[in-house]
Amino acid sequence: MIDTNTTMELAKLGGGIAIGFGAIGAGLGIGFATKGLMDAISRQPEIAGKAFGFFLLGAALSEACALYAFVVAAKLIGLM
């Protein structure tokens, strides 16, 4: 049987893993969005304004996933 101390240690480990994957995912998402923006602007410079709006939307959604991972990690550690 697992005692309470071990359970808390495993919860903290899970919180660290959750925020780590969340940060990696957000970084990759914003990187891919930036690459797509640069590719689109280099092919058609006249769409720069419209493409930048879509880039901001994609970056915001990617950051939202990182914030969700932070909330999950904070709940696992016991801060919330």
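Positions are given from 1 along the sequence. Because only heavy atoms are used, hydrogens play no part in the values below, and waters and symmetry mates are left out as well, while side chains stay in.
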TODO: Find the distance between CD1 (I17) and NZ (K12) and round it off to the nearest 0.5 Å.
DONE: 14.5 Å

Side chains of residues 23-44: which donor-acceptor partners sit under 3.5 Å, not counting sequence neighbours?
from : atom 1 : to  : atom 2 : distance (Å)
T34  : OG1    : I30 : O      : 2.8
K35  : NZ     : D39 : OD2    : 2.9
S42  : OG     : M38 : O      : 3.2
S42  : OG     : D39 : O      : 2.9

Task: Where A73 and G15 come nearest, the two heavy atoms and their spacing - done: CB-O, 3.2 Å

TODO: Please collect all ring pair (Phe, Tyr, Trp, His ring centres under 6.0 Å) contacts where either partner lies in residues 48-80, sequence neighbours excluded, each pair once.
DONE: F52-F55

Task: Residue pairs, two or more places apart or on separate chains, that pass side chain to side chain donor-acceptor pair (under 3.5 Å) and touch residues 14-27 - done: none

